[in-house]
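The figures here come from the full heavy-atom set of this structure, side chains too, leaving out hydrogens, waters and symmetry mates. Note that the structure is predicted; figures quoted are calculated from it, not measured.
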Amino acid sequence: MSRHPTLKWAQRSDKIYLTVDLPDAKDVKLKLEPEGKFIFSATKDNLPYEVDIDLHDKVNVEESKVSIGVRSIVYVIEKAEKKWWGRLLKQEGKPPVFLKVDWDKWVDEEDENEKAGMDFDDMDFSKLDMGGDDYDMDEPKDEEEEIEAKEEEEESKKEGEPVATDAEAAKA
């Protein structure tokens with residue numbers, strides 16, 4: 001009997017992100033069919049793992065991509081039609097326990113257009129003047145630091161050692 005690995009998913013209007021969480025998977029086999037059938041099998045520690053699900057709608061197999069890593073297998077599945085799906089699976093009702101939402105990749109339908117307009121890939125942030133000053137060594141210390149400095153100074157005087165204040169230390 002095979003087990004089910006954790007399967008995480010997120011979507012955009014044009015694609016589905018499916019992540020199979022199965023570190024150190026061996027003999028990975030993936031099959032994606034145009035009508036939306038997704039089949040995965042692999043072994044880990046000589047135990048078989050399988051997933052066989054029917055996706056909500058049709059997909060574009062030729063444009064879909066897979067990346068098999070050491071920690072997980074990520075499948076970026078292109079949808080046949082650019083539209084939001086109400087759910088990942090064809091079957092209605094409660095999803096299987098091994099299927100979870102990938103909140104790291106999730107974008108809400110309303111937010112997708114906003115994020116698309118915010119493309120910072122070619123922006124040089126070093127030329128922006130964001131205001132504010134750099135850290136200034138002459139800024140006054142907060143109360144705790146002042147008290148600690150005075151206590152250290154008094155202890156050093158008792159012991160007869162010269163004490164360098166922060167201003168003197170900064171000059172050195």
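Across Asp102 and Ala10, no two heavy atoms sit closer than the pair O-CB, 3.8 Å. Residues Ala25 and Ile73 come closest through the heavy atom pair CB-CD1, 4.3 Å.
Note on ring orientation: taking the six-membered ring where Trp is involved, the planes of His56 and Trp85 are tilted (angle from 30° to 60°).
Once rounded to the nearest 0.5 Å, the distance linking CZ of Arg12 with OH of Tyr17 reads 4.5 Å. To the nearest 0.5 Å, atom CD1 of residue Ile39 and atom CD of residue Glu33 are 5.0 Å apart. Here Asp54 contributes atom CG and Glu35 contributes atom CD; the two are 8.0 Å apart, rounded to the nearest 0.5 Å. The line from OG of Ser41 to OH of Tyr49 is 13.0 Å long, rounded to the nearest 0.5 Å. The CG atom of Asp27 sits 4.5 Å away from the OG1 atom of Thr43 when rounded to the nearest 0.5 Å.
Between Asp57 and Lys83 there is a salt bridge, with a side-chain nitrogen of the basic residue lying less than 4.0 Å from a carboxylate oxygen of the acidic one. A salt bridge is absent between Glu63 and Lys15: the closest approach of a Lys/Arg side-chain nitrogen to an acidic carboxylate oxygen does not fall below 4.0 angstrom. Looking at Lys37 and Asp52, a side-chain N of the basic residue comes within less than 4.0 Å of a carboxylate O on the acidic one, giving a salt bridge.
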Query - side-chain contact (heavy atoms from CB on, under 4.5 Å) assessment of Phe38 paired with Tyr75 - result: CA-CA 10 Å; Phe38 174 78; Tyr75 215 135; 3.5 Å; yes
Query raised in the report: Given Leu99 and Leu89, is the side-chain contact (heavy atoms from CB on, under 4.5 Å) satisfied, shown in steps?
Result: CA-CA 10 Å; Leu99 183 62; Leu89 305 178; 3.9 Å; yes
Query raised in the report: Where do Phe40 and Leu22 land on the side-chain contact (heavy atoms from CB on, under 4.5 Å) test, with the steps shown first?
Result: CA-CA 11 Å; Phe40 165 85; Leu22 192 62; 4.1 Å; yes
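At least one side-chain heavy atom of Thr19 sits under 4.5 Å from a side-chain heavy atom of Lys105. The shortest distance between side-chain heavy atoms of Lys79 and Ile16 falls below 4.5 Å. In this structure, Trp106 and Trp9 have side chains that are in contact, with non-hydrogen atoms separated by less than 4.5 Å. Taking 4.5 Å as the limit, some side-chain heavy atom of Ser64 sits within range of a side-chain heavy atom of Glu78. Contact of the Pro96 side chain with the Leu7 side chain is not registered, since no non-hydrogen atoms from C-beta on lie closer than 4.5 Å. With contacts defined as side-chain heavy-atom distances shorter than 4.5 Å, the pair Pro5/Asp21 does not qualify. A 4.5 Å side-chain heavy-atom check between Leu32 and Val66 finds every atom pair outside the cut-off.
Using a 4.5 Å cut-off between side-chain heavy atoms of Ile, Leu, Val, Met, Phe, Trp and Tyr, with links allowed through other members, Val70 and Leu30 fall into different hydrophobic clusters. Placement of Val76 and Val101 in two distinct hydrophobic clusters is found when ILVMFWY residues are connected by side-chain heavy-atom separations under 4.5 Å, directly or transitively. A continuous path of hydrophobic side-chain contacts links Phe98 to Trp103 [ILVMFWY only; heavy atoms under 4.5 Å]. A chain of hydrophobic side-chain contacts below 4.5 Å, direct or via other Ile, Leu, Val, Met, Phe, Trp or Tyr residues, connects Ile77 to Ile68.
Screening Leu88, Val51, Val74 for a side chain to side chain contact (heavy atoms under 4.5 Å, CB included) involving Leu18 leaves a single residue, Leu88.
Side-chain N or O atoms of Lys100 include one that pairs as donor or acceptor with a backbone N or O of Val97 at under 3.5 Å.
No more than 12 heavy atoms of other residues, nucleotides or ligands lie within 6.0 Å of CZ in Arg71, so this atom counts as exposed by the packing criterion.
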